[in-house]
Protein chains: 2
Amino acid sequence: MSNAKVLPLLEPADQGVAPCCPPLTERPMTAEEAETAARMFKALGDPVRLRLFSSVASHEGGEACVCDISDVGVSQPTVSHHLKKLKEAGLLSSERRGTWVYYRVEPSVLAAMGKLLTTTAAAA
Amino acid sequence: MSNAKVLPLLEPADQGVAPCCPPLTERPMTAEEAETAARMFKALGDPVRLRLFSSVASHEGGEACVCDISDVGVSQPTVSHHLKKLKEAGLLSSERRGTWVYYRVEPSVLAAMGKLLTTTAAAA
DNA sequence: CGTCTATGTTGACATACGTCGAACTAAACG
DNA sequence: CGTTTAGTTCGACGTATGTCAACATAGACG
């Protein structure tokens, strides 16, 4: 099978910490950091993807079957396309169990993005 | 607890404050919420914009002249174009003072996006 | 086996996007 | 005035993106 290309910023040892970059307000990002972080923001920069991601993330256990979240107003292939994008961005992972395919959030990535947006400006 | 501030998921007010939506992990976003939030994520979904925004956000006072942040590897019209996009997304505001134009971050928007990505405290 | 259901993939299309150079506006300065 | 510096807007170009219908694949089930 063709392995999905996942963001290289996430090592299994980095779970729980910010793997990508310092907060946006700390210092100007380098080109490389921006390249990496932009990929994550871009993945959430589409309404359909955002709804899909939110549906998965808010589902119990942070995991949901495709059949439970595909009611977002677009065709089924489009849903599959967007889920693939989210997977390629490292935000979701998928697993087939019998008939259905389950998608799950990558909590470390969510935490990384949250840290990017932490307002350190309050210290000033 | 102090959820009195997070409760209003009203329309994105035009006052600069953008408490658009609850955390992504709280419940599936509505189409309207996703539209609003995706616009912000999309604005940060470009490496150049991310660097520009980070440069402004990390500058003293959360404010910077265009001339101080335009060294991002693209032409000056492109810088202007991206700054306009960030402004349209509500992430930055601009003001002309004499010869130079200063851009400043909208801290409320930054906080709103941070809240969107608040770590999955409930997704256990 | 055949068939049904659940997802993924492919190909095509229209639109959006990032980029640049050139032309334009705005302020300072002589 | 004219010139210089700072920044925006315009027009054009190539590429990326979102979308769908059609087809393909993977289990389940008889």
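All of these numbers come straight from a predicted model, not from anything done at the bench. Throughout, a chain's letter reflects where its sequence line sits, starting with A, and its residues are numbered from 1. Computation of the quantities below employed the complete heavy-atom set of this structure, encompassing side-chain atoms and omitting hydrogens, waters and symmetry-equivalent molecules.
Between the CZ atom of Arg51(A) and the P atom of dG18(D) there is a distance of 16 Å, rounded to whole Å. Per the geometry, CD belonging to Glu95(B) stands 13 Å off P belonging to dA27(C), to the nearest Å. Rounded to whole angstrom, the span from the CD atom of Gln76(B) across to the C1' atom of dT9(D) amounts to 11 Å. Taking atom CH2 on Trp100(B) and atom C1' on dT8(D), their separation rounds to 18 Å, with Å as the unit.
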**OP:** Kindly determine whether Met113(B) and Phe41(B) satisfy side chain to side chain contact (heavy atoms under 4.5 Å, CB included), including the steps that lead there.
**Re:** CA-CA 8 Å; Met113(B) 294 188 70; Phe41(B) 283 118; 3.5 Å; yes
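Under the rule for a side chain to side chain donor-acceptor pair (under 3.5 Å), Thr99(B) has no partner lying at least two apart in sequence or in another chain. Taking the salt bridge (Lys or Arg N to Asp or Glu O under 4.0 Å) definition, one finds that Arg104(A) meets it with Glu63(A), Glu95(A), sequence neighbours left out. With sequence neighbours excluded, no residue forms a side chain to side chain donor-acceptor pair (under 3.5 Å) with Arg51(B). Every residue was checked against the side chain to side chain donor-acceptor pair (under 3.5 Å) condition with Lys84(B), not counting sequence neighbours, and none meets it. For Thr78(A), the side chain to side chain donor-acceptor pair (under 3.5 Å) partners are Ser75(A), not counting sequence neighbours. Legend: residues meeting side-chain contact (heavy atoms from CB on, under 4.5 Å) with Ser55(A), ordered by chain and number and at least two apart, are Ile69(A), Pro28(B). For Cys65(A), the side-chain contact (heavy atoms from CB on, under 4.5 Å) partners at least two apart in sequence or on another chain are Cys67(A), Asp68(A), Trp100(A), Tyr102(A). With sequence neighbours excluded, no residue satisfies salt bridge (Lys or Arg N to Asp or Glu O under 4.0 Å) with Arg96(A).
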Pull out every protein N or O sitting under 3.5 Å from an N or O of nucleotides 14-18 of chain C, one pair per line with the distance.
residue : atom : partner  : partner atom : Å
dC17(C) : OP1  : Lys42(B) : NZ           : 2.9
dG18(C) : OP1  : Arg49(B) : NH1          : 3.2
dG18(C) : OP1  : Arg49(B) : NH2          : 2.8
dG18(C) : OP2  : Arg49(B) : NH1          : 3.2

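The shortest distance between the side-chain N/O atoms of Lys84(A) and the OP1/OP2 oxygens of dG8(C) is not below 4.0 Å. Phosphate contact (OP1/OP2 of dG8(C), side-chain N/O of Tyr103(A), threshold under 4.0 Å): present.
The stretch residues 61-73 of chain B touches DNA chain D through Cys65(B), Val66(B), Cys67(B), each having a heavy atom under 4.0 angstrom from the strand.
Each of Glu32(A), Glu33(A), Glu26(A) was evaluated against Met29(A); a single residue qualifies, Glu33(A), per the side-chain contact (heavy atoms from CB on, under 4.5 Å) test.
For Pro77(A) and Tyr102(B), each mapped to the nucleotide of DNA chain D holding its nearest heavy atom, the one lying further toward the 5' end belongs to Tyr102(B).
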**OP:** Summarise protein proximity over nucleotides 25-30 of chain D in one line of letters, 5' to 3': B for base, S for sugar-phosphate only, - for none, counting protein heavy atoms closer than 4.0 Å.
**Re:** -SSS--
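For the disulfide (SG to SG under 2.5 Å) condition, no pair includes a residue of residues 78-110 of chain B, sequence neighbours left out.
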